[in-house]
Amino acid sequence: SAVISQKPSRDICQRGTSLTIQCQVDSQVTMMFWYRQQPGQSLTLIATANQGSEATYESGFVIDKFPISRPNLTFSTLTVSNMSPEDSSIYLCSVEDYEMSHNEQFFGPGTRLTVL
Amino acid sequence: GQNIDQPTEMTATEGAIVQINCTYQTSGFNGLFWYQQHAGEAPTFLSYNVLDGLEEKGRFSSFLSRSKGYSYLLLKELQMKDSASYLCAVTSYGQNFVFGPGTRLSVLP
């Protein structure tokens, strides 16, 4: 199974600033995803990070607010732009890998973001 | 689109059995996953069902009925460390994972 690391693990930011979160995988993977998990809530998919092309965003999420990079098959970044307190959340990256008989998602440890 | 429903919270006693239900509506169903998530940690995979029936893995079992759009996760011999959120997620052809709202389980001594 894939091993995923994220940086930073947590941050406290001021309103109006931007934060870039890094996700590193220990193997080459085709599919990488970024999720948001607001306090006490489940996971909401922000976008799929595609290598060599623009990310594919889910309804309610736009590139200007959450620009994503995917320069190679082991790395991606998510930027949370022009932050407001409503962006306080845990941001998780995940990868999809084929395990046994099915595709499975493996998650990074998450980045806990607090916006003041 | 997909619609997934789970109870918000459940409480059970150490040593007991608990069943967490998940109902879903989707087209092109391609599998259902259960994940466990302890507070402050990432979700970890528990089980996968794509065919009807029961999948058993130690103290945890997961059941699926595709015709009813229904799954449950059964936890036996509950331990304090089983206190966590349990997330049901559904995949469909051509679509990404969709996670349910999660069930927060509290195991009491």
Side-chain angles (χ1 to χ4, degrees), chain A residues 1-7 9-10 21 23-25 29-50 55-61 68 88-114, chain B residues 1-10 20 22-24 26 28-51 53 55 57 62 64 71 73 83-106:
Chain A
S1 58
V3 177
I4 305 165
S5 60
Q6 283 184 236
K7 286 196 291 188
S9 58
R10 59 178 63 228
I21 302 167
C23 178
Q24 180 76 53
V25 191
V29 292
T30 304
M31 306 291 282
M32 291 183 76
F33 305 90
W34 286 99
Y35 286 86
R36 180 174 72 184
Q37 187 172 31
Q38 294 177 309
Q41 303 295 313
S42 187
L43 284 75
T44 301
L45 181 64
I46 297 171
T48 303
N50 304 309
T56 306
Y57 289 84
E58 297 297 303
S59 176
F61 298 96
I68 286 170
S88 296
S89 189
I90 297 174
Y91 292 85
L92 298 120
C93 77
S94 77
V95 303
E96 193 167 284
D97 206 2
Y98 192 76
E99 286 283 321
M100 305 291 282
S101 61
H102 57 272
N103 284 338
E104 188 179 316
Q105 287 212 2
F106 299 91
F107 288 87
T111 296
R112 184 179 295 272
L113 171 62
T114 302
Chain B
Q2 294 164 311
N3 187 37
I4 304 173
D5 198 25
Q6 300 178 237
T8 305
E9 291 189 26
M10 299 184 71
I20 303 174
C22 171
T23 58
Y24 65 89
T26 188
F29 175 82
N30 192 31
L32 186 143
F33 294 78
W34 284 96
Y35 281 80
Q36 179 190 59
Q37 186 178 27
H38 285 100
E41 298 182 13
T44 55
F45 170 80
L46 286 178
S47 70
Y48 168 76
N49 295 73
V50 67
L51 299 176
E55 294 283 340
K57 193 187 292 186
S62 58
L64 175 68
S71 172
L73 180 69
S83 292
S85 288
Y86 291 86
L87 306 170
C88 168
V90 173
T91 62
S92 304
Y93 288 107
Q95 296 193 32
N96 293 312
F97 273 56
V98 176
F99 283 84
T103 299
R104 193 158 48 246
L105 173 67
S106 300

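Numbers restart at 1 for each chain; the letters A, B, ... are given by sequence-line order, proteins then strands.
Two residues are said to be in side-chain contact when any heavy atoms from C-beta on lie closer than 4.5 Å; B/Pro43 and A/Leu92 meet this criterion. Contact annotation: the side chain of B/Asn96 never approaches that of A/Glu96 to less than 4.5 Å [non-hydrogen atoms, C-beta and beyond].
Between A/Phe107 and B/Phe45, the distance separating the two ring centers is not shorter than 6.0 angstrom.
Listed by first then second residue, pairs satisfying salt bridge (Lys or Arg N to Asp or Glu O under 4.0 Å) with a partner in residues 95-106 of chain B read B/Glu9-B/Arg104, not counting sequence neighbours. The salt bridge (Lys or Arg N to Asp or Glu O under 4.0 Å) analysis of residues 34-43 of chain B, with sequence neighbours excluded, yields no pairs.
In this structure, A/Glu104 and B/Tyr35 approach most closely via the heavy-atom pair CG-OH, 3.9 Å. Contact between B/Ala42 and A/Pro109 at its shortest, heavy atoms only, is CB-CA, 4.0 Å.
In terms of heavy-atom pairs under 4.5 angstrom with chain A, the leader among B/Ala89, B/Gly31, B/Gly100 is B/Gly100. Residue with the most contacts toward chain B among A/Gln105, A/Met31, A/Glu58: A/Gln105 (heavy-atom pairs, distance under 4.5 Å).
Of the atoms belonging to A/Thr48, it is side-chain heavy atoms, and not backbone ones, that fall under 4.5 Å from chain B. With a threshold of 4.5 angstrom between heavy atoms, B/Gln6 does not approach chain A through any atom at all.
The line from OG of B/Ser85 to CD of A/Gln37 is 7.5 Å long, rounded to the nearest 0.5 Å.
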Might you work through the ring-ring contact (aromatic ring centres under 6.0 Å, His included) test for B/Phe99 and A/Tyr35, ending with a clear yes or no?
CA-CA 11 Å; B/Phe99 283 84; A/Tyr35 286 86; 5.6 Å; yes

